[in-house]
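Report on the following structure.
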Amino acid sequence: MLYFIPLLLASTLQPISTAASPATPATHVRHAPNMQWWRQARFGMFIHWGLYALPAGVWQGKHVPGIGEWIMNNAHIPRQQYAKLASHFDPVNFSASTWVHIAKAAGMKYIVITAMHHDGFCMFPTKATHYNIMDATPWHKDPLAALDKACHRQGLRFCTYYSVENWHSRYQLPKSWNHGHPAYFPTRFAVGGAAPYLKYMTTQLGELIRHYHPAVIWFDNSVITPWKTPSGRQVSGWTQADAQTIWNFVCKNDPSVIINNRLDKWSHFKGYGDYHTPEQQIPSQGISTPWETCMTINSTWGYVSWNHDWKSSATLIHHLIHCASGGGNFLLNVGPTAQGVIPAPEVIRLRAIGQWLKINGQAIYGSHRSPFNKPLPFGYATQKSGKLFLEVTHWPKNNRILVPIHNAIVRAYLLAKPAIPLKTASLKSGAIVHLPATAADMIAPVVVLDIAGPIKPN
Ligand code: FHN
C-alpha cells in the first residue's frame, strides 16, 4: 500500500528526495515545550475503538481479511449501510476507570484513543456532524470525557487520535465507488470539498481541545490524493498548506499540545511534527529525534473476533526495552469489543508487563538511550546519570556478560536483588559481569552498573 512506504522510509530517516513536496514551511518543525513528561513516560496505551468493533472482522457471515478498523474499506461497505451500525452500538460493559486501571497496572503513563478513525464515526459528541456516539447510538454517552476524567483521577495523560482521511464525509470521495462496492482508501476531495473539510476538522479539533485538553493529538492518514474530473478539472489532494493550516490551528488553540508527525505526509520525509511514529516495527538503533513505535498485541488495531495472533508477554516486554534502549516510546494497542471490554488476552499480557515494570521500571522510565551504537549480544542498555542498566534478554550460557565500557564499576547488582553485589572484572575489551546461574525473572533481568563519571563506551 503506497501509504506505508513513506512510513517505513520515515522510520529509517534516510535522506529522501523532497522534490515532490512543495517548499517546506518554516513553522512546521517544533518540539512542544512539555515533551519532558512524554519522553520520561516511555510507555502508553493505544486504543482503537469504534463502530468496527461490532462486525469485529466478520461481514455478511464471512471473515474479512485485514485489520478490523478497515472493515468498511476491505468489505467495500456502502456508507449508509455501514452507518446503520451506529444504531446497534451500545457498549453496556464500558468502564473508563477499568480501562485506565488496566493501563496504569501495565505501567503505562498515557492513553491515546481514536476520537475519529477513517470510518468517520466520531467517538465524542460534536456539533460538526450527527454521526457521533452521543447522537447516533442508543448509548448516548461520551467515552472520551469519562476516560479523560479517569486519567486525571489515576494520574495518566489523556490523548486523542484523529484521522485526516474520512470515509463517511461528503467532502471526501472514495477512491472508487466500484458499482456500489466502494474502495475508500485513499480518498479524494470532492470538487470544492477541501475548504469545508478543513472547517469540519477545525470545528472538531477545537472541540477536542476545549472539552478534553488532550496532551497529544495523534494525527493519522493524511493521504487524500489529487485527481482529475471527467471534464478534466484538476482537484488537489491534502497539501502541505492544508497540514500547516491545521498545525497552526492546533498550536494556536493549545500551544502545549504535542503533535505527532502524521498530519502531513511530507513530514514523514522531513521529521516535522513533535515526534516520529514508526509502526509495527522498532528502528534497530532508535532515531535521533523523539519517536514512538506503535504496535498491536495481536495483528489488528480494531477488535477482530477471530484474530488470535497474540504476541507473548516476553516479546512485548522485549519490545518495550528495545524502544527505551533507542530513546523511544512504546505505544501498545488494545482493541476493545463493541460491549466495551478490553479482550482478556490483552489484559493478561499488559498485567505481565506491569509486573516486570514494577521491579525494573527504574531502567525504563526517564531513562536515556543506550550509550552503545551497536547491538549487545546479551540484550539492551539504557542509562541514567551514574547508572548503566543492562536488560538481559538473552541469558549467556557461561553466566557472564562483557560490557563494552572502560569505566571503573563502583557496584554491580540485579535490579530485582539490589542487596546482592555481582562480581565484576575489568578487561581491555570492557567489563565482565558475573551473573547468578538463574534469575527470578528470566524474561529480562536488569543488571545495574553504578559507574563513576560519564559512561565511556569502547
Ligand atoms: O490506517 C491506520 C490504521 O488503521 C491504524 O490506525 C494505524 C495505527 O498507527 N495507522 C494507520 C496505518 O498506518
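In each ligand, atom 1 is the first atom listed, and ligand 1 is the first ligand listed.
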Subset of ligand 1 atoms that lie under 4.0 Å from at least one heavy atom of [X]:
X	answer
Trp70	1 (O), 2 (C), 3 (C), 4 (O)
Arg262	9 (O), 10 (N), 13 (O)
Cys294	9 (O)
His117	3 (C), 4 (O), 5 (C), 6 (O)
Glu69	3 (C), 4 (O), 5 (C)

Pi-cation contact, Tyr365 with Lys109 (under 6.0 Å, within 45°):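 Judged by the rule, Lys109 and Tyr365 form a cation-pi pair.
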Record the part of Thr277 in heavy-atom contact with ligand 1 below 4.0 Å; permitted values are side chain, backbone, both and neither.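 Neither part.
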Check Glu165 against ligand 1 and report side chain, backbone, both or neither, counting heavy atoms closer than 4.0 Å.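 For Glu165, no heavy atom sits under 4.0 Å from ligand 1.
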Flag the pair Tyr82 / Tyr52 as yes when at least one side-chain heavy-atom distance between them is below 4.5 Å, and no otherwise.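 When only atoms from C-beta onward are counted, Tyr52 and Tyr82 do touch, with a gap below 4.5 Å.
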Taking atom 13 (O) of ligand 1 as the point of reference, which of Glu279, Gln280, His118 owns the nearest heavy atom?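 Among Glu279, Gln280, His118, the closest heavy atom to atom 13 (O) of ligand 1 comes from Glu279.
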Using a 3.5 Å distance criterion without hydrogens, assess whether the side chain of [X] forms a donor-acceptor pair with backbone atoms of [Y].
X	Y	value
Asp90	Val92	no
Thr293	Gln281	yes
Arg351	Val347	no

For Tyr197 and Gln172, work out which heavy atoms get closest and say how close.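 Shortest heavy-atom contact: CE2-NE2, 3.1 Å.
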If the contact criterion is a heavy-atom separation under 4.0 Å, does Trp218 count as touching ligand 1?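 Judged by the 4.0 Å heavy-atom criterion, Trp218 does count as contacting ligand 1.
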Can a non-hydrogen atom of Phe185 be found less than 4.0 Å from any atom of ligand 1?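 Contact absent.
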Checking Tyr161 against Ile113 for the side-chain contact (heavy atoms from CB on, under 4.5 Å) test, could you report, in this order, the C-alpha distance in whole Å, the side-chain angles of both residues, the deciding distance, and whether it holds? CA-CA 6 Å; Tyr161 164 110; Ile113 182 161; over 6 Å; no
Would you say Trp301 has any N or O atom under 3.5 Å from an N or O of ligand 1, going by distance alone?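 Such a contact does not occur with ligand 1.
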Glu207 and Tyr212: CA distance, side-chain angles, deciding distance, side-chain contact (heavy atoms from CB on, under 4.5 Å) verdict: CA-CA 8 Å; Glu207 291 170 329; Tyr212 314 108; over 6 Å; no
